[in-house]
Each structure stands twice: as structure tokens, then as C-alpha cells.
Student: 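Right, I'll just put the structure down here and ask away after.
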Amino acid sequence: MPYPPARPAWLFAALALLPVAFASTPASSFCGFYVGKADAKLFNEASQVILVRDGNRTVISMRNDFQGDLSEFALVVPVPAVLQKSQIHIGDPKTFERIDAYSAPRLAEYFDPNPCDVSRRERLMGAMNVAPASMLKEQDRKDKALGVTVEARYTVGEYDIAILSATESNGLEKWLRLEGYRIPSGASKTLQPYIRQNLKFFVARVNLAEQAKTGFSYLRPLQFAFESERFMLPVRLGMLNAKGPQDLVIYALTRNGRVETTNYRTVKLPANVELPTYTRAEFGKFYKALFETQSKREDYRVVWTEYFWDMAWCDPCAADPLSPEELKGAGVFWLSGDEPVIGVAAGTARPNVSPRAGSGAQPVMLTRLHLRYTPETLPEDLMFQETQDRQNFQARYVLRHAWKGDAATCDAAPRYFDEVAKRQEREAQTLANLTGWDLNRIRARMSIAAAPGTMWWERLWK
């Protein structure tokens with residue numbers, strides 16, 4: 001697959017151009033089989049962020065799927081304070097792969113039992129109802145003339161990092177260009193609100209010599225930790241390169257409850273419905289169509305919840321939950337008393353919240369949020385809150401295979417096949433509604449006729 005022309009990768013604007021792949025080997029799960037997942041690699045314009053939050057402490061991890069000349073890579077992130085070198089870290093891209101796989105929308109497969117075995121069928125149905133660049137030399141005089149102060153400079157791994165403050169956006173944009181950052185036009189307008197808020201700017205570029213030493217052909221994730229009363233994610237800078245709608249997947253890790261946005265609607269994606277069994281072979285196509293259709297219906301103004309669960313378990317599991325070591329690598333700082341002391345004065349009490357008594361669960365909740373947006377539909381940066389909600393949710397879609405026996409086997413069999421016909425019609429209509437696909441084409445692929453109650457005008461307009 002050829003890559004598009006190289007371009008700077010500002011915050012959340014990197015391309016994720018990895019091949020699409022789905023799990024094809026079933027893994028055991030409650031009352032059926034897990035057969036596939038729709039991970040973030042489905043969406044070519046998707047950026048991924050891990051956002052860890054507890055109290056006023058935040059750890060952000062950003063995955064840079066930048067493709068092209070590394071000398072053109074630029075990252076600019078507004079931050080609340082001047083970050084010390086010890087607050088910046090190089091992460092492991094496998095962490096993103098693991099958390100993505102664990103929380104991805106999934107397809108679960110079930111098989112109807114023999115309807116003649118009534119007791120077995122009742123047991124199954126009861127179970128089914130359980131909710132399942134090196135930086136140039138410092139030029140202080142020129143910087144001050146532009147209203148820019150270089151507060152700190154670090155080299156961390158393969159990145160050269162500067163922490164900047166600025167008094168006016170045109171000067172900051174000019175400074176970035178003079179320093180060799182290939183930033184898009186119109187940057188000063190987008191930078192201005194952050195300068196008014198007295199925020200600092202975390203600026204990173206690739207140190208090519210250090211990158212060569214790493215032996216990696218890709219850029220590793222950048223992580224930084226800080227303290228701030230504001231629970232937010234700056235996304236507006238990422239729109240400067242946008243040529244259309246963009247996707248952002250956020251993995252929010254908190255101690256107690258589900259995360260939602262406070263300045264946009266947060267809505268659970270339609271899920272836990274039965275689909276025609278032929279979608280098993282094209283689950284990725286189905287999920288892309290579903291997400292596009294639902295996002296368009298909401299005019300790209302909704303943040304979708306795709307997953308919320310206690311990190312200790314899942315059902316069905318798209319992948320194993322992250323281990324305590326993996327969670328720490330993602331930035332979770334409250335496990336086993338391992339909390340950072342960034343900006344904490346001696347003697348300051350730490351929060352002490354334990355997992356639910358007797359649950360055996362890790363005190364980590366994962367909320368997966370997914371939004372598709374444009375500059376017009378996302379006029380503000382994302383603001384969040386941790387809620388008290390602990391009700392599990394996953395974007396799960398179900399296949400139910402009909403029993404292959406003979407209708408003459410027992411008295412219950414004919415009634416069973418009548419119910420299967422009605423169920424298949426519901427599955428067809430559900431798929432059409434979720435994706436916007438043509439209902440009659442769906443029926444044809446299922447080898448079923450239009451429902452007996454279909455009116456002539458419905459057939460006419462279809």
C-alpha cells in the first residue's frame with residue numbers, strides 16, 4: 001500500500017497506515033466464541049492517545065504513526081507548566097497495540113442448540129441474557145524579539161524537546177518556522193487561545209543521530225506527566241493538516257469510574273445486537289460502515305463510547321487484560337503504591353482509594369472513546385470528567401447460527417424454524433439501520449425473502 005506524500009505530524013494528525021488484520025482463530029468466551037475485532041488500524045486517519053488521570057495528576061502517551069522523512073516531523077502540544085526532563089519518557093508502542101486489542105469492538109459467535117432439547121435451550125437462553133530534528137543553537141535575542149522564551153531544552157531518546165512560552169501567536173509561529181519546523185499555514189490563529197490561557201508549549205522533533213542509534217525504523221511513543229486541575233486534551237492543533245474528517249481514539253485509564261466529555265455529548269455506540277452470520281467474514285467492513293453512518297447522523301458532534309470495563313476481566317475478551325507491568329508502562333501510577341511525586345510537596349497526602357472490597361479487581365477502569373470530527377464540528381478542546389458510573393459496556397455484536405437439523409425431528413422444531421425466520425428478518429433490518437446498507441441486498445445475501453408484512457411501497461422505494 002503506497003504512502004501519501006509526507007507531511008508534518010502535529011498532535012493527533014499522524015496517519016495510521018498499517019495493514020488491516022483480523023483475528024480469525026476463535027478463542028473461548030462465555031457461552032460462545034469470540035471471532036474478530038475492529039481495532040484502531042481500521043481507520044487510516046486515526047490517532048491514538050492513552051490518557052491516565054487520578055486527582056490532578058495526568059500522564060499522556062501519544063503514538064506517532066508518522067510516515068515519511070523524519071526531518072519533517074513536528075509535534076506541538078500545549079501544556080500547563082514547564083516540564084522537567086524527568087517528566088518526559090519514551091514509551092513502548094506495544095502498549096498501544098495491547099490496549100487497542102483489549103478494548104476493540106468485537107464480534108461474538110453462538111450456535112443454537114437442538115430445539116428438541118428444551119431444557120438445554122432454556123439454559124442457553126438464560127445465559128445469553130446475562131449482559132455479557134536536532135534543535136538549532138539558542139538565539140535568546142531573536143527569541144525575545146518574537147515574544148518567545150525557551151524555558152527548557154532536553155533530548156529524550158530520539159526526540160529533541162523544547163518547552164516554550166510565548167506572548168503572541170504570530171511570533172511563536174515565526175519562531176517555529178525559523179527553527180525549521182514545517183508547520184501548516186494558519187497556525188498562529190490556532191495557537192492564540194492557548195497563549196491567552198498562559199499555557200506553555202511542548203515542542204518535539206526527531207534527532208536523526210539519536211534515532212539511528214535506537215535501531216528502530218519507527219518513532220516510539222512520547223509520554224509526559226504533569227499536574228493540572230484541568231482534565232482535558234488539546235486537539236485543535238491537529239486539525240491544521242486536516243483534509244477531511246479525522247478519527248481520534250482515546251484510552252482513558254482512571255481509578256474509579258467511566259470517563260466522559262463535559263463539553264460534547266458522550267454516547268454509547270449502538271451495540272449488543274444480532275447480525276446476519278455472513279458478516280463474520282467482513283466484520284471490519286461492517287464496523288467502518290456503522291461508525292461512519294452513526295457519526296454522520298450526529299453531524300460528527302458526538303464522542304462515542306466503544307468500551308468501558310474493569311481492567312481485571314472481560315467477557316468476551318478480544319485480548320487478555322493488561323498486566324500490572326503493562327499498565328505501569330501505560331502511565332498508571334497508583335498500582336502497588338507506585339505514584340509519581342511530580343510537584344508534590346513533602347508531607348502532602350496522596351489519595352488512597354482501594355478497589356472494591358472482595359472483588360479481586362485491579363483499581364483501574366478503562367474507557368475507550370472514539371470520535372470523528374472536522375474543524376467545524378470540534379470548535380473546542382476536549383474537556384473530561386470521571387463519573388461514578390461503573391456499569392460495564394462493550395461494542396459487541398453477535399452472530400447466532402441456526403440449528404441445522406430437520407423440522408420433522410420433533411414437535412418443537414417447526415416453531416423453532418418460524419422463530420429463526422423472524423430473527424433473520426430482524427437481523428437484516430438491524431444491519432441496514434446501523435450501516436445504511438440496502439435492506440434487499442442484505443436479504444439476498446442471507447438467502448431470505450422479504451418479510452411477509454412488507455408493504456408494496458416499501459418494495460417500490462427499495
Side-chain angles (χ1 to χ4, degrees), residues 1 15-27 29 32-50 63 65 95-110 132 245-252 266-298 300 302-309 314-322 366-373 392-400 427 430-437 442 445:
M1 173 176 173
L15 296 179
L17 297 175
L18 301 178
V20 175
F22 298 102
S24 58
T25 304
S29 68
F33 299 93
Y34 158 73
V35 296
K37 66 178 181 290
D39 55 27
K41 289 180 283 187
L42 270 179
F43 301 93
N44 287 343
E45 292 288 340
S47 299
Q48 300 177 65
V49 178
I50 300 174
R63 187 175 189 178
D65 288 328
T95 303
F96 282 85
E97 295 168 9
R98 287 280 289 112
I99 201 167
D100 179 27
Y102 172 74
S103 61
R106 71 282 318 267
L107 186 66
E109 186 172 43
Y110 302 89
Q246 295 176 280
D247 282 81
L248 172 62
V249 179
I250 302 167
Y251 312 99
T266 304
V267 178
K268 292 178 180 178
L269 203 67
N272 295 309
V273 296
E274 296 178 358
L275 302 176
T277 55
Y278 79 81
T279 57
R280 188 187 200 277
E282 48 192 69
F283 183 52
K285 178 182 177 182
F286 154 75
Y287 191 76
K288 288 180 70 174
L290 177 150
F291 194 83
E292 173 65 16
T293 299
Q294 302 304 314
S295 297
K296 277 185 176 178
R297 287 177 181 172
E298 297 288 348
Y300 303 117
V302 159
V303 178
W304 300 102
T305 301
E306 291 183 316
Y307 187 88
F308 173 68
W309 211 281
C314 50
D315 181 24
C317 283
D320 291 336
L322 275 68
L366 169 61
T367 308
R368 179 184 175 120
L369 301 172
H370 187 173
L371 61 153
R372 180 165 297 175
Y373 60 94
N392 295 331
F393 171 79
Q394 56 182 296
R396 167 182 170 268
Y397 305 91
V398 178
L399 306 182
R400 287 182 60 189
E427 293 170 351
T430 296
L431 182 59
N433 180 59
L434 292 178
T435 62
W437 292 347
I442 293 171
R445 293 201 60 182

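The analysis underlying the following values was restricted to heavy atoms, covering all of them including side chains, and did not include hydrogens, waters or symmetry mates.
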Student: Is Gln246 close to Ser47 at the side-chain level, that is, under 4.5 Å between some pair of heavy atoms?
Tutor: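 No, side chains not in contact.
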
Student: Going by salt bridge (Lys or Arg N to Asp or Glu O under 4.0 Å), name the residues that satisfy it together with Glu282, two or more places apart in sequence or in a different chain.
Tutor: Arg445

Student: Just to verify, what does Glu306 make a side-chain hydrogen bond (donor to acceptor under 3.5 Å, both in side chains) with, not counting sequence neighbours?
Tutor: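 Glu306 satisfies side-chain hydrogen bond (donor to acceptor under 3.5 Å, both in side chains) with Tyr287, Arg368, His370 once adjacent residues are dropped.
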
Student: Any donor and acceptor pair, going by atom type alone, linking the side chain of Arg280 with main-chain N or O of Leu399 inside 3.5 Å?
Tutor: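 No; judged by distance alone, with no hydrogens or angles, the pair does not exist.
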
Student: Kindly write out the residues that satisfy side-chain hydrogen bond (donor to acceptor under 3.5 Å, both in side chains) with Thr266, not counting sequence neighbours, or none if the list is empty.
Tutor: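 Partners of Thr266 under the side-chain hydrogen bond (donor to acceptor under 3.5 Å, both in side chains) test: Thr261.
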
Student: Please report the closest heavy-atom contact between Gln394 and Trp309, naming both atoms and the distance.
Tutor: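 That would be NE2-CZ3, 3.1 Å.
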
Student: Locate the shortest heavy-atom distance separating Ala318 from Ala104; write the atom from each residue and the value.
Tutor: CB-O, 4.3 Å

Student: Between Arg98 and Asp320 (side chain of the first, backbone of the second, donor and acceptor by atom type, cut-off under 3.5 Å), is there such a pair?
Tutor: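 Yes; judged by distance alone, with no hydrogens or angles, the pair exists.
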
Student: Tell me, do Val267 and Trp304 make a side-chain contact under 4.5 Å, heavy atoms counted?
Tutor: yes

Student: In chain order, what residues pass the side chain to side chain contact (heavy atoms under 4.5 Å, CB included) check against Ala289, with sequence neighbours excluded?
Tutor: Thr435, Trp437

Student: Determine whether Asn272 and Val398 make a side-chain contact, defined as any pair of heavy atoms from C-beta on separated by less than 4.5 Å.
Tutor: no

Student: Please enumerate all residues that pass side-chain hydrogen bond (donor to acceptor under 3.5 Å, both in side chains) together with Tyr278, with sequence neighbours excluded.
Tutor: none

Student: With sequence neighbours excluded, what pairs up with Lys268 under the salt bridge (Lys or Arg N to Asp or Glu O under 4.0 Å) test?
Tutor: none

Student: Thr95: which residues meet the side chain to side chain contact (heavy atoms under 4.5 Å, CB included) condition with it, sequence neighbours left out?
Tutor: Ile50, Asp92, Ala330

Student: What residues, two or more places apart in sequence or in another chain, satisfy ring-ring contact (aromatic ring centres under 6.0 Å, His included) together with Tyr102?
Tutor: Tyr307

Student: Kindly give the heavy-atom pair with the smallest separation between Leu290 and Pro270, and that separation in Å.
Tutor: CD1-O, 4.4 Å

Student: Which residues pass the ring-ring contact (aromatic ring centres under 6.0 Å, His included) test with Tyr397, not counting sequence neighbours?
Tutor: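 With neighbours one apart ignored, the set is Phe286.
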
Student: Does any N or O in the side chain of Thr279 come within less than 3.5 Å of the main-chain N or O of Pro276, such that one atom is a donor and the other an acceptor?
Tutor: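 Yes, because the side chain of Thr279 sits within donor-acceptor range (under 3.5 Å) of the backbone of Pro276.
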
Student: Before you tell me yes or no, could you show the steps for Leu369 and Thr305 under side-chain contact (heavy atoms from CB on, under 4.5 Å), namely the whole-Å CA-CA distance, both residues' side-chain angles and the distance that decides it to 0.1 Å?
Tutor: CA-CA 5 Å; Leu369 301 172; Thr305 301; 3.6 Å; yes

Student: Tell me the closest heavy-atom pair linking Arg372 and Ser295, and the distance in Å.
Tutor: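 For Arg372 versus Ser295, the nearest heavy atoms are CB-OG, 4.1 Å.
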
Student: For the residue pair Ala395 and Phe393, what are the closest heavy atoms and their distance?
Tutor: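 Result for this residue pair: N-CE2, 4.1 Å.
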
Student: Quick one: closest heavy-atom pair of Asp100 and Gln48, and the distance?
Tutor: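 Asp100 and Gln48 have their closest heavy atoms at CB-OE1, 4.0 Å.
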
Student: Can you tell me how far apart CG (Leu275) and OG1 (Thr430) are? Round to the nearest 0.5 Å.
Tutor: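 With rounding to 0.5 Å, CG (Leu275) is 7.5 Å from OG1 (Thr430).
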
Student: Check side chain to side chain contact (heavy atoms under 4.5 Å, CB included) between Phe308 and all other residues, then give those that pass, not counting sequence neighbours.
Tutor: Arg258, Met365, Thr367

